[in-house]
Amino acid sequence: MKRSTLYLLGIIITIIVGIYFYINCCSYCSPMVQQQEEAKQEVAPTPAPPKASSYPFALSDGDFNYETQDNYNFNRSSPGFIEPVSENVTRGISPGLKDYLATHKDKVLTLTGYYQSDEDNNTAFPNLGLARANSVKNHLTSLEIPSSQIDIQGKLMGDMVADGNIFKGPIAYAFSEKSGNDDDEIKALYEKITSDPLVLYFDTAEASINPSEEQRQKIADIVRYLDKVENAKCNIVGYTDSKGGRQTNLRLGQGRADFAKAYLVQNGIAADRIASSSKGPNDPIASNATEEGRAKNRRTVISIK
């Protein structure tokens, strides 16, 4: 092969190799190619935060209808609604709701309080939704709506979204007819409460009461009974062991009863519906000869009368 041919072949090979390396290495550095590559790398959009839930104050039954986007609002993990209540809500309650229930004695308004599972329930109720509904019920009764025409319940609402730290309107409203066996239900509730009253054991030095789930349900039962029976009272009796003088123990028992009363009032039971008293060392339920027995006798019993 002639030298000129070899020389030409070498040039061709050099050009081919140069093009190859340019395409695979250097061409990526060119602005146009770089922009094309960047365009291929799609950046996932940042998901928008979920929109805050907002439930209206909506009353509807037959010809009676009232609705406003305002409602009772609550801070996260709080059982008490934020004050002041909107004038639009107050206007719907009185005269609207008040007059409607006054002329429809056979009607019951059910308040359903919503809550989330990650909220802290530091109330006396089984769940925070029930505590919220009780708070709204107390406001309605302060506006002269009878509690006998109000039922309360709680509902877990997993998709409820707070607006910052505030839940907007986590209360729903529904009307129903009074059942024909209301008297039987109230009688059964009375027997349930009185046959197995709520008993709290604590020392007077304790600054709080932390009821169990079973005890919270008993408190909810007492609240329901007080709502339905006009002249009923929650009865709290404080007891002590036999150590110390009788008058001292009577004062100590009264202090325990008053402590429990303050706890219930704090959780939305009207103070004038609660009677507190002391029996001191009377009516022991265990032997005072042992520390275990004395601890059982140092108790506060909460029932109804």
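Please read these numbers as outputs of a predicted model, since none were measured by experiment. The figures that follow rest on heavy atoms only: side chains count, while hydrogens, waters and symmetry mates do not.
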Does the salt bridge (Lys or Arg N to Asp or Glu O under 4.0 Å) test come out yes or no for R298 and E291, once each step is laid out? CA-CA 11 Å; R298 296 191 295 267; E291 178 53 39; 3.0 Å; yes

Atom [atom1] in [X], atom [atom2] in [Y]: separation rounded to 0.5 Å?
X    : Y    : atom1 : atom2 : answer
Y263 : I269 : OH    : CD1   : 9.5 Å
R273 : L264 : CZ    : CG    : 13.0 Å
I171 : T112 : CD1   : OG1   : 8.0 Å
S278 : L252 : OG    : CG    : 7.5 Å
K233 : K305 : NZ    : NZ    : 7.5 Å
S77  : F167 : OG    : CZ    : 7.5 Å

Less than 4.0 angstrom from a charged side-chain N to a carboxylate O is my criterion; do [X] and [Y] meet it?
X    : Y    : answer
R224 : D151 : yes
D283 : K279 : yes
D118 : R76  : yes
K168 : D163 : yes

Could you tell me whether Y114 and Y55 have their ring centroids closer than 6.0 angstrom? yes

Quick check: F64 with Y100 (ring centres under 6.0 Å apart)? yes

Taking all atoms of both residues into account, what is the closest heavy-atom pair of G113 and A133, and its distance? N-CB, 3.9 Å

Between [X] and [Y] (side chain of the first, backbone of the second, donor and acceptor by atom type, cut-off under 3.5 Å), is there such a pair?
X    : Y    : result
S78  : F74  : no
Q215 : V199 : yes
K228 : S148 : yes
T103 : D99  : yes
R294 : N288 : yes
N121 : F125 : yes

Looking only at side-chain N and O atoms, does [Y] offer a donor or acceptor that is under 3.5 Å from a partner on [X]?
X    : Y    : answer
N138 : S135 : no
N282 : R246 : yes
S60  : N65  : yes
R91  : N88  : yes

Hey, mind stepping through K192 and D221 against side-chain contact (heavy atoms from CB on, under 4.5 Å) and telling me if it holds? CA-CA 9 Å; K192 176 183 178 183; D221 289 341; 2.9 Å; yes

Scan P211, P126, S212 and name whichever one has a side chain to side chain contact (heavy atoms under 4.5 Å, CB included) with Q217. P126

Partner of I304 by side chain to side chain contact (heavy atoms under 4.5 Å, CB included), out of I222, V229, L189, N235: I222

Would you call the rings of F81 and Y72 parallel, tilted or perpendicular, where under 30° means parallel and over 60° means perpendicular? perpendicular

Mind telling me whether F57 and Y66 have parallel, tilted or perpendicular rings, with 30° and 60° as the class edges? perpendicular

Quick one: does I93's side chain get under 4.5 Å of H139's, heavy atoms only? yes

Start with the C-alpha gap between E67 and L59, add the side-chain angles, then the distance that decides, and say whether side-chain contact (heavy atoms from CB on, under 4.5 Å) holds. CA-CA 6 Å; E67 182 170 340; L59 304 172; over 6 Å; no

